[in-house]
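Shown next, in structure tokens, is the structure this report addresses.
A note on names: the letters A, B, ... follow the listed sequences, proteins ahead of strands, and every chain is numbered from 1.
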Number of protein chains: 2
Amino acid sequence: MRISTKAQYAVRAMVDLSVHSNGRPVPLKEISQREEIPLNYLEQLFFRLKKAEVVASVRGPGGGYILARPSALIKVGEIVAMVEEPLNPVSCLDDGGAACHRISRCVTHNVWQGLGERIRGFLDAISLEELTREAQAGLDVLSPPGGTTR
Amino acid sequence: MRISTKAQYAVRAMVDLSVHSNGRPVPLKEISQREEIPLNYLEQLFFRLKKAEVVASVRGPGGGYILARPSALIKVGEIVAMVEEPLNPVSCLDDGGAACHRISRCVTHNVWQGLGERIRGFLDAISLEELTREAQAGLDVLSPPGGTTR
DNA sequence: TTAATAGTTGACAATTTTAGTAAGGTATGT
DNA sequence: ACATACCTTACTAAAATTGTCAACTATTAA
Ligand code: FES
Ligand code: FES
């Protein structure tokens, strides 16, 4: 019952992007360094996030990625779902149950179905904005407002 | 975000055991056939379930496994936890956070921690008794009370 | 227009995890 | 003694995950 590092990376990277972008594009190189995530790996993830229209890209020098919408409208569940193929806990439920020939005689799939709904519900209730605020509050301890912010 | 087949098998096998045992030991061979689970694989699972004192064994001819407690006191979460090592969604949280050197600067682990708690909470709220009743209700459609039960 | 930046895309290799097999052993009832 | 059925460890094959490489396209600034 582990979430893939892909998904962990994606969420961390999105928080990083949201914190360090102030309307300006952030290049992956920066995120890669700050978050200790391989650059080429990040590229793959953001490729998918772009297709999902969670971020948008700006090419050329001075380019990078920006959020495609206000962070309040981006849910963690969305980020995870875009990057991790199946958010179903079991393969039996794929394609609406067509994948399993025992599903009619099996009571346990109700359990996994309910679990899946809970997981999605939980992750969809958290927005990127909340995490961004939390992260900024954490950073403020190190460099409080009025302090030497570079 | 998939649960292992190990855990799925374990839960299904426990339901099967609970349904077909009426105080009598049920041999794994039977469960293996009814549930289409490799016998040797089941043995491994029940070995662990026994160590967790969820089931008890009776050796020799006519032997098998029985529930170690009333099914109302056996929670699905317990079965899953015994068979699937980490119920943490991320490795960062293993050993109470000692596994990750970024945990102090990272806001996302709160998300995964919360997710883990939800998952455990959900699975711990479902008892084997409930699943057993459901399964028996399902079987009754095929062979109703008073009907030819074998 | 040329060079540098940065995103785009597909293929692929290494590693780790999972699922399943095999084999031999031990206890127990008939 | 023999058959049954649990007990335990070790191993292997397959799949998923994770990460790397390489070549390409678009854009901007000098
Ligand atoms: S085995 Fe597929 S639904 Fe239970
Ligand atoms: S990276 Fe380990 S806690 Fe976030």
What integer distance in Å separates [X]:[atom1] from [N]:[atom2]?
| X | N | atom1 | atom2 | value |
| --- | --- | --- | --- | --- |
| B:R48 | D:dC6 | CZ | P | 18 Å |
| B:K50 | D:dC6 | NZ | C1' | 8 Å |
| B:R59 | D:dT8 | CZ | C1' | 10 Å |
| A:Q44 | D:dT18 | CD | C1' | 9 Å |
| B:F47 | D:dA10 | CZ | P | 12 Å |
| B:K29 | D:dA3 | NZ | C1' | 11 Å |
| B:E43 | D:dA10 | CD | C1' | 14 Å |
| A:L42 | D:dT20 | CG | C1' | 14 Å |

Min side-chain heavy-atom separation B:N88-B:R120 under 4.5 Å: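 B:N88 reaches B:R120 side chain to side chain.
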Should A:L123 and A:I79 count as side-chain neighbours, where that means a heavy-atom distance under 4.5 Å?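 Contact flag for A:L123/A:I79 side chains = no.
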What's the separation between atom CG in A:L45 and atom NZ in A:K6, rounded to the nearest 0.5 Å?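 Here the rounded value is 7.0 Å.
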Any base atoms under 4.0 Å from A:F46, or only sugar-phosphate, or nothing? Heavy atoms, all strands.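 Result for A:F46 = nothing.
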Closest-nucleotide ordering on DNA chain C, the 5'-leading residue of B:G60 and A:M1: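 Its nearest nucleotide lies further toward 5', so the answer is A:M1.
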What pairs of residues pass the ring pair (Phe, Tyr, Trp, His ring centres under 6.0 Å) test when at least one of them lies in residues 11-63 of chain B, not counting sequence neighbours?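 Residue pairs passing ring pair (Phe, Tyr, Trp, His ring centres under 6.0 Å), neighbours aside: B:Y9-B:Y41, B:F46-B:Y65.
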Sequence neighbours left out, what pairs pass ring pair (Phe, Tyr, Trp, His ring centres under 6.0 Å) with at least one residue falling in residues 77-129 of chain A?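 Non-adjacent pairs meeting ring pair (Phe, Tyr, Trp, His ring centres under 6.0 Å): zero.
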Check the pair B:S57, B:K50 against side-chain hydrogen bond (donor to acceptor under 3.5 Å, both in side chains), reporting the backbone distance first and the verdict last. CA-CA 7 Å; B:S57 65; B:K50 188 194 173 180; 3.1 Å; yes
Taking any atom under 4.0 angstrom from a heavy atom of chain A, which nucleotides of DNA chain C are the first and last to qualify, 5' to 3'?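 Answer, 5' to 3': C:dA4 to C:dA11.
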Starting from A:I66, can I reach A:V15 by hopping between I/L/V/M/F/W/Y residues whose side chains sit under 4.5 Å apart?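 In one cluster with A:V15: A:I66, no.
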Taking the nucleotide of DNA chain D with the closest heavy atom to each, which residue, A:A7 or B:Y65, is nearer the 5' end?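 Here B:Y65 is the residue nearer the 5' end.
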Compare side-chain N and O positions of A:Y9 against OP1 and OP2 of D:dT17 and report whether any pair is under 4.0 Å apart.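 Result: no.
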Respond yes when some side-chain nitrogen or oxygen of A:S4 is under 4.0 Å from OP1 or OP2 of D:dA16, and no when none is.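 Answer is no, no contact under 4.0 Å.
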